[in-house]
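Working notes, structure below.
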2 protein chains.
Amino acid sequence: MNEHAHISANLSKNQLLVMDALTNSDGPLSAYAILDQLCDQGFRAPQQVYRALKKLVDFNMVHRLESLNAFVACRHPGREDHETLAFMICENCGQVSEFTDNLLSKRLQHLTGAAHFVLNKMTIEFRGICINCHST
Amino acid sequence: MNEHAHISANLSKNQLLVMDALTNSDGPLSAYAILDQLCDQGFRAPQQVYRALKKLVDFNMVHRLESLNAFVACRHPGREDHETLAFMICENCGQVSEFTDNLLSKRLQHLTGAAHFVLNKMTIEFRGICINCHST
DNA sequence: CATAATAATGTTATAATGTAACAACTTTAA
DNA sequence: TTAAAGTTGTTACATTATAACATTATTATG
């Protein structure tokens, strides 16, 4: 199965609802924010959200922002390198931009390789002020 | 005030207790694990731990591991670049190793600079299996 | 088709992590 | 010596996440 094999059509009802909530959101959402949004669609308990999120993260359709305890729909351009995604998170407007960089990936691979560290997951998150917010 | 100006002597009673707990620990500790350890020393409420932790993190004596919701005493060799610390976290034994790398720092500065992103805080955490654990 | 295996759902309860707010006391600096 | 800043203690609460169990839906296989 390749990386974005799980197109929307393959998602279950709840997975689709959670995915839509994230896709239609400007920025990251907490699990409980998603739960609130989906009350009208019959959601009652956090497990319904967390279970859908777990699958969507497995499918690489959603990313968890560890420093925010929140989730974003995957929006990164191209799909070549899911392993070394990084995020810039604006602490003013909440916008998250997702990016990859080849030199960064290479260097990180070198560093973990040199330490003989078998990498499972990488978290790279920058917190700060985005260009729109500090220019005004 | 320079980076490690807050030597132990300058810490308050609670800050010192929390710092000692972290320094004497093999790996990262959650705030509540610290609270449990310090019950004997009179700690009663999470605030006592969280307040001390906040100061210790401000002083760069302790780091928060976002992907674990836990805290470690700073152990990185040298002190030249507190801004671009990274962590390798073994998911088997719990060991955390802290490192910096000049090329990595440069690349990250380039990337945030190019995006005109004003960086406040950087989180770089690798989860995986350390050399000791996968060689046995 | 039958049916076994897997996946998804609904639900209640609880665990784990983190903060607000208020009152008191201690240390530092003017 | 007294005002300011920092520290502590405490109660209550908010937020984030998981355990456990029962049920239904979907998929794969003989």
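A, B, ... follow the sequence lines: proteins, then strands. Residue 1 opens every chain. Remember, predicted model here, so these are calculated numbers, not experimental data.
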- Query: Rounded to the Å, how far apart are A:Leu35 CG and D:dT15 P?
  - Reply: 13 Å
- Query: Looking only at heavy atoms, which two atoms of B:Gln37 and B:Gln41 are closest? And how far apart?
  - Reply: O-OE1, 3.6 Å
- Task: With A:Phe71 as reference, evaluate A:Val18, A:Leu56, A:Leu53, A:Leu65 under the side-chain contact (heavy atoms from CB on, under 4.5 Å) test and give the passing residue.
- Result: A:Leu53
- Query: Do any side-chain nitrogens or oxygens of A:Lys13 fall under 4.0 Å of OP1 or OP2 in D:dT26?
  - Reply: no
- Is there a side-chain polar atom (N or O) of A:Asn14 under 4.0 Å from OP1 or OP2 of C:dG10? yes
- Ranking B:Asn69 and B:Phe43 by the position along DNA chain D of their nearest nucleotide, the one closer to 5' is B:Phe43
- Please give, in whole Å, the distance from C:dT9 P to A:Lys54 NZ? 14 Å
- Query: What do the steps show when you test A:Lys54 against A:Arg51 for side-chain contact (heavy atoms from CB on, under 4.5 Å), and what is the final call?
  - Reply: CA-CA 5 Å; A:Lys54 181 169 193 316; A:Arg51 288 201 282 225; 5.8 Å; no
- Item | Spacing of B:Leu68 atom CG relative to D:dT16 atom P, expressed in whole Å | 18 Å
For nucleotides 19-22 of chain D, tabulate all protein N/O to nucleotide N/O atom pairs closer than 3.5 Å, reporting atom names and distance.
| from | atom 1 | to | atom 2 | distance (Å) |
| --- | --- | --- | --- | --- |
| D:dA19 | N7 | A:Gln47 | NE2 | 2.8 |
| D:dA19 | N6 | A:Gln47 | NE2 | 3.1 |

- Report the distance from atom CZ of A:Phe59 to atom C1' of C:dA7, rounded to the nearest whole Å. 10 Å
- Query: Is there a side-chain polar atom (N or O) of A:Gln48 under 4.0 Å from OP1 or OP2 of C:dG10?
  - Reply: yes
- Are A:Tyr32 and the base of D:dT15 stacked, counting only ring centres nearer than 5.5 Å and planes tilted under 30°? no
- Looking at D:dT16, D:dT7, D:dT10, which one has an atom nearest to any side-chain atom of B:Ser12? D:dT7
- Message: Nearest whole Å is fine: how far is D:dT23 P from A:Arg44 CZ?
- Response: 20 Å
- Is the closest side-chain heavy-atom distance between A:Leu103 and B:Leu103 below 4.5 Å? no
- Query: Taking CG from B:Leu16 and P from D:dT7, how many angstroms apart are they, rounded to a whole number?
  - Reply: 13 Å
- Query: By side chain to side chain contact (heavy atoms under 4.5 Å, CB included), which residues pair with B:Thr23, not counting sequence neighbours?
  - Reply: B:Met19, B:Ala73
- Give me the ring orientation class for A:Tyr50 and A:Tyr32: parallel if the planes are under 30° apart, tilted from 30 to 60°, perpendicular past 60°. perpendicular
- Do the charged groups of A:Arg127 and B:Glu66 touch, with an N to O distance under 4.0 Å? no
- Item | Whole-Å distance separating the CG atom of A:Asp36 from the C1' atom of D:dT16 | 13 Å
- Note on the structure: A:Leu29 atom CG is separated from D:dT16 atom P, nearest whole Å, by 11 Å
- Task: Could you say whether the aromatic ring of A:Tyr50 and the base of D:dT18 stack, counting only centre distances under 5.5 Å and plane angles under 30°?
- Result: no
- Closest of C:dT11, D:dT16, C:dG10 to the A:Ser30 side chain is D:dT16
